[in-house]
Amino acid sequence: MNNRKLYKYSAFGLVIGSEIELPELLSSDIDTEIKIEFGETPVELQNPIKKGLRFQAAENEFLLHVDNVASFYVKNGDSITIKKKENADDDSVRLFLLGSALGALLMQRDMIPMHGSTVKIDDYCIVITGVSGVGKSTLAAQFFKQDYQILSDDVSAIKLENKQAFIVPSYPQIKLWADAIRKFNDNPGSHRKLRDNIEKFGIKIHKQYYTKPLPVKAVFILNTKNTEGIDFDEVKGIEKFNALRRNTYRFQFVDGLNKQKEHFQTINQIASLIKVYRITRPRKGFNAEELKNIIIEKLK
Amino acid sequence: MKFELEDIIKRDPEMLSSNMDGETVMMSVENGEYYGLNEIGTRIWELSENEIKVNDMIESLMEEYDVDRETCLADVMEFLEELGKKKLIVKV
């Protein structure tokens, strides 16, 4: 038992009590269901079902070691223990906490965390996914600039309920690089830098942050090509399943074969409820406005 | 693994499968590996839910797909060999 202060937050439909301050998240004052604490983490799991270079997974247990930052132990979908390495900076700890560790926790709770941003359109939402650096957040920021509300950036958690697939809002922040911020006629200096030596900033979007879960209608996979023009097509069949699986945040962290079975079934159910589209932009010249217009047009 | 016309085959009941736009995605409960079947593979998978003689399968497919015996035989055997290699289909 310790007397360290607990900061309370609401994210992904969960109330979190955390010993580490998480300025990105919305504050809360109701009873917590998730605990994030500093403490000892196991070096290894007793009976790992999955093992990678830096992580191990077992039924309801997940362990991640990040060099020079921290070890994270995620258990039963309701607790994260952080063992901070000496001289680790809090920004880096938070980065992996809100990314991989929280992703594992969401999966332990049977949510599917997609790697991407979620935008509210009318009474439903869409998820923009794709590989790191392809422009998901920049495209989400384009929607944001044109007064659309945002449910999430970076990790978009899908939850199945009453035979519908919902996105659960995460926290009111969009992460953008300095040049993207300038393209939106804004000054990077007026935003919080995410990590000391990287020109990426956390944009607060409280004014246009939608706090309730919304049914998801479509997932758009953003990718690039070397030719001009924007291509658009629908993804079906096995490819659809693979696309959803590939764009799941750290899917390889799924812990335990039972969970893997559940996730397989969850992804299939989600696939039967939504459309998946691929939108391919030229590598040179990122026209976020044009991409946004194409998406809106296709949704009509 | 070679299959003969008179062989009775059956699919691995420990595979989780789901139909997706006419194709099939599968996952092995035993080892967590994923597989995908196109439309023909999907039909073969469906037909082998219960024990079935290879020859009977070929006759069914010939009717369903309006294809000649030679083509059907070649395609099915190739498919069964692939599935057999991965132990997704076995001889009973």
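Per chain, numbering begins at 1; letters A, B, ... match sequence-line order.
Looking at A/Gln269, neither its backbone nor its side chain comes within 4.5 Å of chain B, counting heavy atoms on both sides. Heavy atoms closer than 4.5 Å to chain A are found nowhere in B/Thr42, neither backbone nor side chain. Using a 4.5 Å cut-off between heavy atoms, B/Asn38 contacts chain A through its backbone alone, with no side-chain atom that close.
Side-chain atoms of A/His65 and A/Ser71 include a donor-acceptor pair closer than 3.5 Å. Side-chain contact check for A/Thr118 and A/Ser152: no donor-acceptor pair (N or O, by modelled atom type) lies under 3.5 Å.
By the 30° and 60° cut-offs, the orientation of the rings of B/Tyr34 relative to A/Phe241 is tilted.
When ring centroids are compared, A/Phe72 and A/Phe62 stay outside the 6.0 Å threshold.
Between chain A and the options B/Val25, B/Leu37, B/Asn19, the largest number of non-hydrogen pairs under 4.5 Å is found for B/Val25.
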